Q: 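Questions regarding the structure given below will be posed in turn.
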Amino acid sequence: MIIGSNILFFENLPSTNTHTSFLLKNSTVTEGTIVFTNYQLAGRGQMGNQWESEDGKNLLISIVLFPSMINPADQFTISMTISLGICDFLKRYISLSKIKWPNDIYVNNDKIAGLLIESSLMGNSIESTIAGIGLNINQEKFLSEAPNPVSLKMIKGRNFDLTTCLHQLASDLDTRYKQLKKRNTDQIKKEYISQLFRLNEWHEYRDVNGTFTGRIRSVSDYGRLQIEIRSGKMCEYSFKEVDFIL
Ligand code: BTN
């Protein structure tokens, strides 16, 4: 086992990603170490947003990875791998979860988990990666502006044991990470694309030119989203260049 071989628990932290980065700079941390907390005072989301999570209700973790087998240009494969691991965990309880490109995890039209993946590069290789995961488990009320949060409890109507969930998630992520270590990236990419939220369905999107109708067809090797528009033309977007209209 790599992921979950070492679990460091903290009652609270500013942010598990920030603390993991501190540990990496100031101590020796083994690959697969999970930093886990009950509460974040300054939990960080994508695009400088905050990540809301009630004390002791959800999984707030950061995983230390040393993915030296991945070229920095291909680092989106790490994102795909972690997203698939979270979906594998959710499959234990829910029949369908989807990946909203690039790496939000959705159940129906609601967001159950988010990822904040931060890598540091040295020359032409990835020195370390911190994979931060916020997975909503037992929270029932969300107070922030986030449009569509959901938790396992809201879906299943019962409480889940956080420690059990943590070990199951670690095991599912570990299986996926071993797939990545074996450079099984074609399979990872194939599965990631097949689990994309709104794949092959016509929906509304917004880019710099305004709102348009399109359907997601695939993701490029560099992680860019490929959306076909009505004329048949294929458009490619990097993160933040296109919004899903939900
Ligand atoms: C998103 O905006 O969707 C990403 C959310 C990521 C939140 C997790 S919670 C654990 C880890 N520590 C952080 O500060 N953020 C990530």
Side-chain angles (χ1 to χ4, degrees), residues 3-4 6-25 29 32-65 75-76 78-87 89-90 97-120 128-139 142-152 162-163 165-166 169-170 172-173 192 195-197 223 225 238-244 246:
I3 295 183
N6 181 29
I7 298 178
L8 305 175
F9 172 74
F10 299 85
E11 194 47 53
N12 61 66
L13 284 174
S15 144
T16 56
N17 270 37
T18 308
H19 191 67
T20 305
S21 164
F22 172 83
L23 291 177
L24 274 169
K25 281 184 197 120
V29 189
T33 294
I34 295 181
V35 173
F36 168 42
T37 193
N38 270 338
Y39 187 67
Q40 296 185 128
L41 301 142
R44 295 191 284 120
Q46 300 280 356
M47 298 189 286
N49 290 330
Q50 289 205 332
W51 184 255
E52 176 189 353
S53 183
E54 212 180 310
D55 197 354
K57 297 273 174 151
N58 303 314
L59 286 180
L60 301 168
I61 64 172
S62 295
I63 305 163
V64 174
L65 301 173
Q75 52 184 297
F76 192 67
I78 302 169
S79 213
M80 295 196 273
T81 305
I82 302 292
S83 301
L84 285 173
I86 299 172
C87 289
F89 162 77
L90 287 169
S97 60
K98 294 278 177 188
I99 305 164
K100 177 174 169 278
W101 177 87
N103 50 28
D104 286 346
I105 311 299
Y106 267 49
V107 177
N108 300 316
N109 277 312
D110 299 322
K111 178 167 169 173
I112 193 163
L115 261 80
L116 185 64
I117 297 186
E118 298 177 304
S119 293
S120 65
S128 63
T129 294
I130 298 170
I133 302 173
L135 173 56
N136 298 330
I137 305 284
N138 289 321
Q139 187 160 341
F142 291 85
L143 307 173
S144 74
E145 301 284 285
N148 53 353
V150 75
S151 67
L152 263 188
L162 271 192
T163 311
C165 289
L166 175 63
L169 175 65
D172 294 335
L173 289 167
Y192 172 88
Q195 294 206 34
L196 279 179
F197 174 71
L225 185 66
S238 294
F239 188 40
K240 297 179 199 169
E241 288 179 353
V242 65
D243 287 330
F244 288 59
L246 293 171

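Sequential numbering from 1 along the given sequence is applied to the chain's residues. What you see is a predicted model, and the numbers here were worked out from it, not measured in a lab. Whatever order the structure lists them in is the order used to number ligands and atoms, beginning at 1.
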Q: Compare all side-chain heavy atoms of I137 with those of L162 and state whether any distance is below 4.5 angstrom.
A: yes
Q: Within the distance-only criterion (no hydrogens, no angle test), does the side chain of E52 pair as donor or acceptor with the backbone N or O of L143 below 3.5 angstrom?
A: yes
Q: Is the number of heavy atoms from other residues, nucleotides or ligands under 6.0 Å of F22 CZ greater than 12?
A: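 No, the 6.0 Å shell around CZ holds no more than 12 heavy atoms from other groups.
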Q: How many angstroms lie between CZ in F76 and OG1 in T81, if you round to the nearest 0.5 Å?
A: 10.0 Å
Q: List for me each residue that meets salt bridge (Lys or Arg N to Asp or Glu O under 4.0 Å) alongside E241, sequence neighbours excluded, and say none if there are none.
A: none
Q: Provide, line by line, the atom pairs where ligand 1 and the protein bring an N/O atom each to a distance under 3.5 Å; else say none.
A:
unit_1, atom_1, unit_2, atom_2, d
ligand 1, 2 (O), Q46, N, 2.6
ligand 1, 3 (O), K111, NZ, 2.6
ligand 1, 12 (N), T16, OG1, 2.9
ligand 1, 12 (N), Q40, OE1, 2.9
ligand 1, 14 (O), S15, OG, 2.7
ligand 1, 14 (O), Q40, OE1, 3.4
ligand 1, 14 (O), R44, N, 2.7
ligand 1, 15 (N), R44, O, 2.6

Q: Below 6.0 angstrom between ring centroids: does that apply to F244 and Y106?
A: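 No, ring centres 6.0 Å or more apart.
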